[in-house]
Asker: 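Before we start, here is the structure in question, set down as structure tokens.
Quick note: numbers below take in every heavy atom, side chains included, and nothing from hydrogens, waters or symmetry partners. Order of the sequence lines sets the chain letters (A, B, ...), proteins ahead of strands, with each chain counted from 1.
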Amino acid sequence: MTVTETEIRQLRAVVRDFVREVVEPEAQTIEEEDRIPEGIVQQAKELGLFGLSIPVEYGGLGLNMTGKCMLLEELGKTHNGFTSLIGAHTGIGSVGIVEMGNEEQKQRFLPRMAAGEWIGAFALSEPEAGSNASNLRTRAERKGDRYILNGMKHFITNGPEADVITVMASTDPDKGAKGISSFLVERSAPGMSRGPSDVKMGLRGSHTCQLFFEDCEVPVDNRLGEEGEGYVNALKILANGRASLAARCLGSCEKLLELSMEYAMQRKQFGRPIFENQAIQHMLADTSLEVETLRSFLYRVTSLVDQGKKVIKESAAVKLYASEVYNRIADRAVQIFGGMGYMKEFPVERFYRDARITRIYEGTSEIQRNIIAAQLKREYVR
Amino acid sequence: MNILVCLKQTFDTEERIVIEDGQISEEGVEFVINPYDEYAVEEAIKLKEEHGGEVTVITIGPDRAEQALRTAMAMGADKGIIVDDEDLESADEFTIAEVLAAVIKDLDYDIILGGYMAVDDGSAQVGPRLAELLDIPHISTITKLTIDGDTVEVEKDVEGDVEYIQSKLPILVTAQQGLNEPRYPSLPGIMKAKKKPLERLDIDDLDLDEDEVAAKTETLEVFLPPEKEAGKVLEGDLEDQVKELVDLLRNEAKVV
Ligand SMILES: Cc1cc2nc3c(=O)[nH]c(=O)nc-3n(C[C@H](O)[C@H](O)[C@H](O)COP(=O)(O)OP(=O)(O)OC[C@H]3O[C@@H](n4cnc5c(N)ncnc54)[C@H](O)[C@@H]3O)c2cc1C
């Protein structure tokens, strides 16, 4: 089923209203209580937001990358902790099952995930496996019709809430990256436990934690793809997520431009709005320029994805660009707000902190540059 | 129960109004269901949930107005009718009521709902005019609606007070804020709404003559309200202040 432009506009309008009328008024509460009010989560489920990236056959919206990114852009305009809950669930938390799952796994997991009954997460990172993600220590040994997992993961978004986690573990350590396999570990899996929620700089309301596997039993039916395909699976899942993350950044940038403009017009010093100063105007002009560039770039990449083109370099570049632009724009917003920008009463302070993580997770800026350079070498050095 | 809802697609209430060449520019503007009409849609769906039946949403407008009907269908309306307004240049409330009446006279209906006014023109005329043309009773600005058999009971907002009115089906009622809390259309609902039937009509299909329904009013000029200026605080003796105030009201503001 293809999605028409009218439908995308409509979906977008509903998400925009929901963000504006339901989430935004609670943004400060989310920040203070480090928790998304149950009512908001419930309404997001009823709306169908948890099924953003899941095919229609399994109860989701079946959106292409462009449609999905347009909705994530709207979500990016509000509290990033809320966006992260939905983003991790609809992105890295479920894409593996959608793309690599077999029919039985799709039937078993996706309808519940689309309805938001089951929350998804993705667990690759370990203390020894950060940027060097294939260097993981978690082991999975096959015993009859089960695998026995031992090891630990850290910084896992939605870890405390997750009902099904795509976990990377080595089934054959001698083979390095080629010995990694991926598993769908359910909440009920015996031998899995979780650490307390991490105390973070930002993204409050979205929780990360450690996961411990002690002789954790996972049925063979829960292996995603074949043995040894895990690392490639992980890379595919992450690559798919890059445009989505950029879309969330774009939404936040647009919100910051709006907040900055409002404040610059209304705040008076020396008897006139601070907007009248060229120094402030130039900051806003740069912000506007970067928002426009990011938007064009993002939707060019999503249209390539939707045409089935290979976009390794482009998705790395758009994630990199989006996260760095977001940080610059948040920094300017704080500057324009002056002392008020440093106060927790105003959302720019929160966006400033929340922007920072986008340059780190789902591949740091440095790693994205490495990916781009590796692709350049392929293109130019024959 | 056959339920009709008349709705209009209007600017999102958060949009800034920009005038270009004497016209309100639609460039980059987001459109929504007129908020008062949204109450009407919600109430219609609630009536259907309670009494069964079918909800038909009707609009007059350009192509883009289909989106408003689809949204209403995603909320739960069953089908839609859109009348192309291309031949209805500068339609006014008279035109719209005539065209709606032409659409509705051939339909089976028990109740017609609409918003009490559209937030763009704010004239609050179409509902009452339409009821007049259809020769059915009408109650405006309702905040509560109960139907039992063919007895209709409403609470009507009268400038802050409440009037209780009883009437009978068929009837036309217009919604005031407070009638209900419109639901969000679910996102899967939006995807399913495109399969619901939508009928497209133009004024030829309705056997209407363009000239007969031509607007009775003419827009002379479109302009933005003057920017709000800082207030004036009067000082001095009370008596002088009153004199100055009257003088200002008469000569500067020219309102007395
Ligand atoms: C809030 C939050 C949520 C997260 N959510 C998840 C999740 O859901 N699932 C998951 O699996 N992980 C998650 N992570 C982990 C995240 O993906 C990693 O933190 C990230 O990949 C970086 O790894 P690291 O922290 O080990 O940093 P390191 O790899 O130790 O990097 C430290 C610094 O060295 C640089 N560096 C490292 N190698 C190179 C190189 N080859 N070239 C140039 N520079 C290099 C890095 O760019 C960085 O600047 C999350 C992290 C956070 C903070």
Asker: Quick test of your reading of the model: are B:K46 and B:E49 salt-bridged, counting only N-O distances below 4.0 Å?
Answerer: no
Asker: Could you tell me whether B:E14 and A:R20 have a side-chain N and a carboxylate O separated by less than 4.0 Å?
Answerer: yes
Asker: Do the side chains of A:E46 and B:R183 get close enough for a salt bridge, i.e. N-O under 4.0 angstrom?
Answerer: no
Asker: What part of A:L63 lies closer than 4.5 angstrom to a heavy atom of chain B: side chain, backbone, both or neither?
Answerer: side chain
Asker: Which region of B:E66, side chain (C-beta onward) or backbone (N, CA, C, O), has a non-hydrogen atom less than 4.5 Å from a non-hydrogen atom of chain A, or is it both or neither?
Answerer: neither
Asker: Relative to chain B, which segment of A:Q10 carries a heavy atom at a distance below 4.5 Å: side chain, backbone, both, or neither?
Answerer: both
Asker: Report yes or no: does B:K192 contribute a side-chain atom to a donor-acceptor pair with the main-chain N or O of B:A74 at less than 3.5 Å?
Answerer: no
